[in-house]
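Here the structure is laid out as structure tokens; the discussion comes afterwards.
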2 protein chains.
Amino acid sequence: MQRVFEALSSAVRRKILAYLAHSELSAGEIAGRFSMSKPSISQHLSVLEAAGLIVREKRGQFVFYRQVEDSLLNTLNGFVQEACPVGRPLRRESAALAEVRRREAADADGSDRS
Amino acid sequence: MQRVFEALSSAVRRKILAYLAHSELSAGEIAGRFSMSKPSISQHLSVLEAAGLIVREKRGQFVFYRQVEDSLLNTLNGFVQEACPVGRPLRRESAALAEVRRREAADADGSDRS
DNA sequence: ATAACAATTAGGTAATTACCTAAATAAGGT
DNA sequence: ACCTTATTTAGGTAATTACCTAATTGTTAT
């Protein structure tokens with residue numbers, strides 16, 4: 001948890017995570033998206049890896065990085081539940097989701113709309 | 001956003017937020033929960049305030065702090081949407097929420113809106 | 001074997017952060 | 001007015017962080 005939040009405290013690292021949201025990328029491809037030295041990016045990648053947010057996989061000459069599914073979400077969610085005065089917003093969303101599903105179920109059963 | 005994540009990168013500050021989840025507290029009451037000097041806690045409180053996560057209100061001799069509802073959640077949510085590959089579960093919740101609100105609005109005013 | 005490329009490690013510096021104590025500001029009680 | 005309590009500001013130090021360049025390691029191709 002500590003490591004995750006430390007990792008997220010850097011704009012560069014958050015941006016890296018955003019890039020990795022869409023597909024895995026090699027260290028070089030990531031570095032190419034920033035105007036910063038490769039060693040610096042490499043260091044940011046280790047921080048993200050140490051936080052358990054991404055994993056590395058060496059394939060031949062390249063090292064590919066990809067996000068660890070859910071690890072970010074789980075941490076943030078866990079934190080919100082105890083730190084958000086009213087985890088209510090999220091709970092409200094969940095309730096909203098349930099509500100939509102109920103209506104969809106009802107719709108599927110016969111009624112129509114738009 | 002930057003300030004929020006920086007604020008959250010400290011365990012002490014996350015703990016302060018957790019305390020403020022339940023009720024407002026004076027600076028002294030907060031400091032009393034930590035084995036750390038009051039000035040240090042005061043500084044942590046400014047960081048949280050600068051991030052927009054809490055607000056201060058002076059009443060008499062005391063300064064009370066309380067969380068700003070939703071500001072934490074909104075930031076985290078916004079971030080997750082672009083950084084989490086599987087932000088999908090959450091995105092689905094948000095979409096569901098938006099959908100419910102659209103329907104509620106429609107139900108309430110009865111006007112058409114294609 | 002050598003060259004070229006990919007990535008990391010090593011080592012150093014500047015800037016930031018987290019703490020502390022002491023001093024200042026502000027409000028209340030006597 | 002004076003003393004106490006609540007909190008913040010000032011100022012300083014130690015530890016951490018973010019960056020850089022240069023050197024190293026590992027892989028692929030000639």
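Please read all numbers here as calculations on a predicted model, not as lab measurements.
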### Task
Please state how far atom CD in Glu49(A) lies from atom C1' in dA7(C), giving the value in whole angstrom units.
13 Å
### Task
Would you please confirm or rule out a distance under 4.0 Å between OP1 or OP2 of dA6(D) and any side-chain N or O of Tyr65(B)?
no
### Query
Is there side-chain contact between Leu53(A) and Val47(A), with at least one heavy-atom pair below 4.5 Å?
no
### Whole-Å distance separating the CG atom of Leu48(B) from the C1' atom of dT7(D)
16 Å
### Query
Is there a donor-acceptor contact under 3.5 Å from the side chain of Arg13(B) to the main chain of Ala7(B)?
yes
### Task
May I have the distance from Glu6(B) (atom CD) to dT16(C) (atom P), rounded to whole angstrom?
11 Å
### Query
Rounding to a whole Å, what distance do you find between Arg3(A):CZ and dT16(D):C1'?
14 Å
### Query
Can you name the nearest heavy-atom pair linking His44(A) to Ser10(A), along with the distance?
CE1-OG, 4.0 Å
### Task
Examine dT9(D): is either OP1 or OP2 under 4.0 Å from a nitrogen or oxygen in the side chain of Ser42(B)? Give yes or no.
no
### Message
With a sphere of 6.0 Å drawn around CZ of Arg14(A), does it hold more than 12 non-hydrogen atoms of other residues, nucleotides or ligands?
### Response
yes
### Query
Over how many whole Å does the gap from Leu25(A) atom CG to dA6(C) atom C1' extend?
15 Å
#### Entry: Atom-to-atom span, CD of Glu57(B) to P of dA6(D) - whole angstrom
18 Å
### Query
So, the side chain of Asn77(B) versus the backbone of Leu73(B): is there a donor-acceptor pair under 3.5 Å, distance only?
no
### Query
Is it true that a side-chain atom of Gln2(A) and a backbone atom of Ser9(B) form a donor plus acceptor pair closer than 3.5 Å?
yes
### Query
To the nearest angstrom, how far is Leu45(B) atom CG from dA18(C) atom P?
13 Å
### Task
Indicate whether OP1 or OP2 belonging to dT8(D) is found under 4.0 Å from a side-chain N or O atom of Arg56(B).
yes
### Query
Between dA6(D) atom P and Ile41(B) atom CD1, what is the distance in whole Å?
16 Å
### Reading 5' to 3' through nucleotides 19-30 of chain C, protein heavy-atom contacts under 4.0 Å coded B for base, S for sugar-phosphate only, - for none
BBBB---SSS--
### Task
For Ser46(B), report the nucleic acid contact type (base, sugar-phosphate, nothing); a contact means any heavy atom under 4.0 Å.
nothing
#### Entry: Interatomic spacing from CE in Met36(A) to OG in Ser42(A) - rounded to 0.5 Å
12.5 Å
